[in-house]
Amino acid sequence: MSDSFDDIPFFDEEPAPRKAPAPPPAGNGGLGIAARAMAARDQRRAPDYLSGLNPEQREAVETLDGPVLVLAGAGTGKTRVLTTRIAHILATGRAFPSQILAVTFTNKAAREMKERIGVLVGGAVEGMPWLGTFHSIGVRLLRRHAELAGLRSDFTILDTDDVVRLIKQLIQAEGLDDKRWPARQFAGMIDTWKNKGLLPADIPEGDARAFANGKGRELYAAYQARLKTLNACDFGDLLLHPIAIFRQNPDILKDYHGRFRYILVDEYQDTNTAQYMWLRLLAQRPKGTPQNVCCVGDDDQSIYGWRGAEVDNILRFEKDFPGARVIKLERNYRSTEHILGAAGHLIAHNEGRLGKTLFTDRTDPEDEKVIVHAAWDSEEEARAIGEEIERLQRGDAGGRKHALNDMAILVRASFQMREFEDRFVTLGLNYRVIGGPRFYERLEIRDAMAYFRLVCQPADDLAFERIVNTPKRGLGDTTVRYLHDYARARDIPMLAASAEIVETDELKPKARKALFDVVQSFRNWQQQLEATPHTELAEQILEESGYTDMWKADKSAEAPGRLENLKELVRSMEAFESMRGFLEHVSLVMDAETNENLDAVSIMTLHSAKGLEFDTVFLPGWEEGLFPHQRALDEGGRSGLEEERRLAYVGITRAKHRCHIWFVSNRRIHGLWQSTMPSRFLDELPQAHVDVAVAESNYGGYGGGRGGYGQSRFDKADPFANSYSTPGWKRAQANKTDATRDNWGTRSGHAVERIGYGESGPRGRTIDGELVAKSVADKPSQFSVGDRVFHVKFGNGNISAVEGNKLTIDFDRAGQKRVLEGFVERV
DNA sequence: ATAGGACGGGTTTTT
DNA sequence: CCCGTCCTAT
């Protein structure tokens, strides 16, 4: 993104496009004769960038007039189509870069697109100013018209953390119990409303009553009012304000209609209602005016319904844009026929899809089918996958050697990651974890950012409150509350209030002096904002505020890492022209770099795997309750199940050559062992493309298809040749105390890259297993210590502890386990 | 001010 | 079980 929001001329000063629009495409079905002739003519002198496209891709690229919906299945060259289409628009002189609006969901996608267009078009074309995420484009629009939303153009963008703190204040100000009404929850509600495009007046009565003793609506309105006085926005506002501005100012909207000759949207299946409203305002034109909108998406990969995405948007595209051309990309360039066959058969169980079937020409008898494996428990699952990874890495059995970078483990829920980490640490296998909190979410980074924000934006009270007593200056709660009240009463920012208060003798001398110093410092830094280079100023701020000293004095293990992160923060500012430009970047771009030089297995959730591909993919945890997730079923019903199925589809289609699916019979949930059923999705895989692994262990076995998951096949199992060993997690922690800037330690030849995760490592989470536990919890246990019991999976053992309905049992063969008493019987 | 204990909550995540 | 948050006791 650009550093400044003033570099884009608002009105077109460029000449009109050089070429007359091409004649409308012939017929609805195949190409007419004239069109074919023209296509043939074009083929002869087809520009380089068009060669190598298949007919459908080419149609998607070359159908420039009128609405187009491209249904691009996984691995069908979606990004290629989008970028080539833009290159084509530019190369044919249909529009200038600044006349193309291209929207993506993530910064990564936007970046990638920019790079690829650059390659296609050559360096001649300046970066496209209106290519970006919904939010970054929203910021750009809002900066231009801020006053129409009651803001100044230098408004701040609050992140989730700020929002929660602000709401908490509001809840307290209402005299409500902030424990009974958690701010985080209300922030979530506001987010949901905003995703739906709802302002306080629009929210359903039921929603309004559900929170804060029925004060939900008032609280939402108060929140919006407070944002306005803070000259701030949350993420939702970046869409909602422009929508309101467009609706209330038809002339402004009309200007944008004139500006944006071509509109492109990536991942259309992920748009939420607000984004849809925004897009329709910009794309729908009066009758007779060209509506050159092209949306690309895949209804089968819609996996964000839970955060407001509406698959309906893609399903009703043709209604919204009558006469739309719908182009399906079904030729897959990524995966083997077995992988496509398995994925296609699975997803066919969903109703209400537009219906695509991926195919490939490549057939290779050597290609391995999708393999389903059974394991006793999650520990064995991790062990077996680890072994398979090492086997592929060594390349024995005549196979070639595989890089760890080509392998990924995709899990449904992040708590599953831990077991793999433990195992890989023990094996000394390099891995990287993708997901979790980011660089910019770290404590020290957020503190430093608060200083910078307050310098650039003195009205940023949230930043003020964050750092006024960091490092400790003796300005505790009492003082801050006083400042807060004083500022609110006079309707001025807290920093300005402080400047007034230090002139009085309202505060005790000690506090007064401390606050005076703060006020002086900020005055000083603000004065230097224009003159001093921003990286220098940043360093100066961190030094003079005592913030770096605070961490230098800290003897804890993380302190050196935090200092290193601060240095990195300042270093990363160099790429920007000003401190303001940097702040804007950070508020919208939260992603972390990966270290590509490191050869490591990737571990991530299925959600974060969307859009990626790997030679070999491992999909563990295909069990009822985990995948499909119980909560998705409980809360989402049928559509919840279908979204889970799409997630499974996404998982399988990430694989180029090898896809290994696993399920276990026992998983530890809330620390208790529970027996689990294989996922229904396993039954939905086609026999023709799937093999069932045998002899992974002597008790595994898939049971041969439908209905084959009897418990009896586990009876003679002896899964505990290795007793439960202490996880290597602690060692992992120790190993990477020096992991700082990039979060990867390299001791003992073992590298762990933690993309996103902060110093705390992965958090243990677990799935819902409460029902079983609660149903019997009130009865006193019928078992007591010393009882000899039998467990259908663990065999015989002696009870060593009883706690409600939870028993700790020393099994003869399985070692010590904690199980619910319902699973054992007295011998 | 900070450690330590009680307490709650535990799917997925971007901007 | 395992973690983060909040309140209490030093």
Side-chain angles (χ1 to χ4, degrees), chain A residues 1 103-110 132-139 157-160 163-164 168 178-179 182-185 188 191 194-195 233-239 267 270-272 274-275 303-309 410-418 434-438 440-441 469 471-472 474 476-477 556 584-591 604-610 621 625-636 640 643-644 646-647 650-651 667-674 727 729 756 760-770 773 803 806 808 817-818:
Chain A
M1 172 184 327
V103 203
T104 64
F105 271 81
T106 62
N107 291 296
K108 194 178 157 210
T133 62
F134 276 100
H135 296 269
S136 66
I137 291 168
V139 175
I157 301 159
L158 304 185
D159 63 27
T160 324
V163 168
V164 170
K168 191 167 180 179
D178 63 320
K179 282 196 95 164
R184 197 158 280 286
Q185 191 192 336
D191 197 52
K194 290 191 172 181
N195 283 162
C233 260
D234 62 18
F235 284 120
D237 288 342
L238 298 179
L239 288 168
E267 306 279 17
D270 288 340
T271 45
N272 61 37
Q275 288 158 338
I303 55 173
Y304 286 110
W306 53 273
R307 68 176 197 209
L410 311 181
V411 298
R412 176 62 184 85
S414 45
F415 77 87
Q416 292 173 265
M417 294 180 179
R418 188 199 166 133
I434 295 167
R438 319 309 178 82
Y440 289 115
E441 283 170 8
N469 198 33
K472 300 271 179 285
D477 276 354
S556 66
E584 174 119 338
H585 167 84
V586 169
S587 59
L588 293 172
V589 180
M590 303 288 278
D591 47 7
M604 69 188 95
T605 63
L606 287 160
H607 283 90
S608 35
K610 192 167 80 148
L626 176 58
F627 194 34
H629 200 279
Q630 193 56 48
R631 229 164 119 172
L633 300 177
D634 292 346
E635 288 166 19
E643 184 154 312
E644 295 287 291
R646 290 192 291 268
L647 203 47
V650 166
R667 197 171 282 281
R668 203 161 51 168
I669 292 162
H670 289 116
L672 296 173
W673 285 94
Q674 312 240 299
W729 180 243
S760 55
R763 280 94 36 106
R765 294 210 193 104
T766 184
I767 63 173
D768 197 331
E770 288 302 309
E803 191 190 326
K806 297 161 196 162
T808 305
K817 302 271 176 186
R818 294 190 69 202

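Labels below follow one simple rule: chain letters A, B, ... track the order of the sequence lines, proteins then strands, and each chain is numbered from 1.
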How long is the straight-line distance from [atom2] of [Y] back to [atom1] of [X], given to the nearest 0.5 Å?
{"X": "A:Leu239", "Y": "A:Gln275", "atom1": "CG", "atom2": "CD", "result": "5.5 Å"}
{"X": "A:Glu267", "Y": "A:Thr104", "atom1": "CD", "atom2": "OG1", "result": "9.0 Å"}
{"X": "A:Gln416", "Y": "A:Arg667", "atom1": "CD", "atom2": "CZ", "result": "5.0 Å"}
{"X": "A:Arg307", "Y": "A:His607", "atom1": "CZ", "atom2": "NE2", "result": "8.0 Å"}

Has [X] got a side-chain N or O lying under 4.0 Å from the OP1 or OP2 atom of [N]?
{"X": "A:Lys168", "N": "C:dC6", "result": "yes"}
{"X": "A:Ser414", "N": "B:dT12", "result": "yes"}
{"X": "A:Thr605", "N": "B:dT13", "result": "yes"}
{"X": "A:Asn107", "N": "B:dT15", "result": "yes"}
{"X": "A:Arg631", "N": "B:dT11", "result": "yes"}
{"X": "A:Arg667", "N": "C:dC1", "result": "no"}

Please state how far atom [atom1] in [X] lies from atom [atom2] in [N], giving the value in whole angstrom units.
{"X": "A:Glu643", "N": "B:dT13", "atom1": "CD", "atom2": "C1'", "value": "12 Å"}
{"X": "A:Arg307", "N": "B:dT13", "atom1": "CZ", "atom2": "C1'", "value": "5 Å"}
{"X": "A:Leu626", "N": "B:dG10", "atom1": "CG", "atom2": "P", "value": "16 Å"}
{"X": "A:Leu633", "N": "B:dT12", "atom1": "CG", "atom2": "C1'", "value": "14 Å"}
{"X": "A:Phe105", "N": "B:dT15", "atom1": "CZ", "atom2": "P", "value": "11 Å"}
{"X": "A:Gln674", "N": "C:dC1", "atom1": "CD", "atom2": "P", "value": "14 Å"}
{"X": "A:Lys194", "N": "B:dT15", "atom1": "NZ", "atom2": "P", "value": "18 Å"}
{"X": "A:Gln185", "N": "C:dT5", "atom1": "CD", "atom2": "P", "value": "16 Å"}

5'-most contact on DNA chain B (nearest-nucleotide basis), A:Lys472 vs A:Glu644, goes to A:Lys472
Whichever of A:Phe134 and A:His607 has the more 5' nearest nucleotide on DNA chain B, that residue is A:His607
[options]: which one has an atom nearest the side-chain heavy atoms of [X]?
{"X": "A:Ser608", "options": "B:dT11, B:dT15, B:dT13", "result": "B:dT13"}
{"X": "A:His629", "options": "B:dA1, B:dT11, C:dC1", "result": "B:dT11"}
{"X": "A:Glu635", "options": "B:dT11, B:dT14, B:dT13", "result": "B:dT11"}

### Message
Is there a side-chain contact (heavy atoms from CB on, under 4.5 Å) between A:Thr106 and A:Lys610? Walk through the geometry before answering.
### Response
CA-CA 12 Å; A:Thr106 62; A:Lys610 192 167 80 148; over 6 Å; no
Considering only the C1' atoms, how many Å lie between C:dT5 and B:dT12, rounded to the nearest integer? 23 Å
Take A:His135 and A:Ile157, measure what side-chain contact (heavy atoms from CB on, under 4.5 Å) needs, and give me the verdict at the end.
-> CA-CA 11 Å; A:His135 296 269; A:Ile157 301 159; over 6 Å; no
Requested in this report: Evaluate whether the aromatic ring of A:His135 and the six-membered ring of the B:dT15 base sit under 5.5 Å apart, centre to centre, with an inclination under 30°.
Outcome: no
Exercise. Is there aromatic stacking of A:Trp306 against B:dT12, centre distance under 5.5 Å, plane angle under 30°?
Worked result: yes
For the side chain of A:Arg412 and the base of B:dT12, is some donor closer than 3.5 Å to an acceptor across the two?
yes
Regarding B:dT11, purine or pyrimidine glycosidic angle vs 90° from 0 gives syn
Under 4.0 Å between any heavy atoms, over every strand shown, what does A:Gln275 touch: base, sugar-phosphate, or nothing? Just pick one. nothing
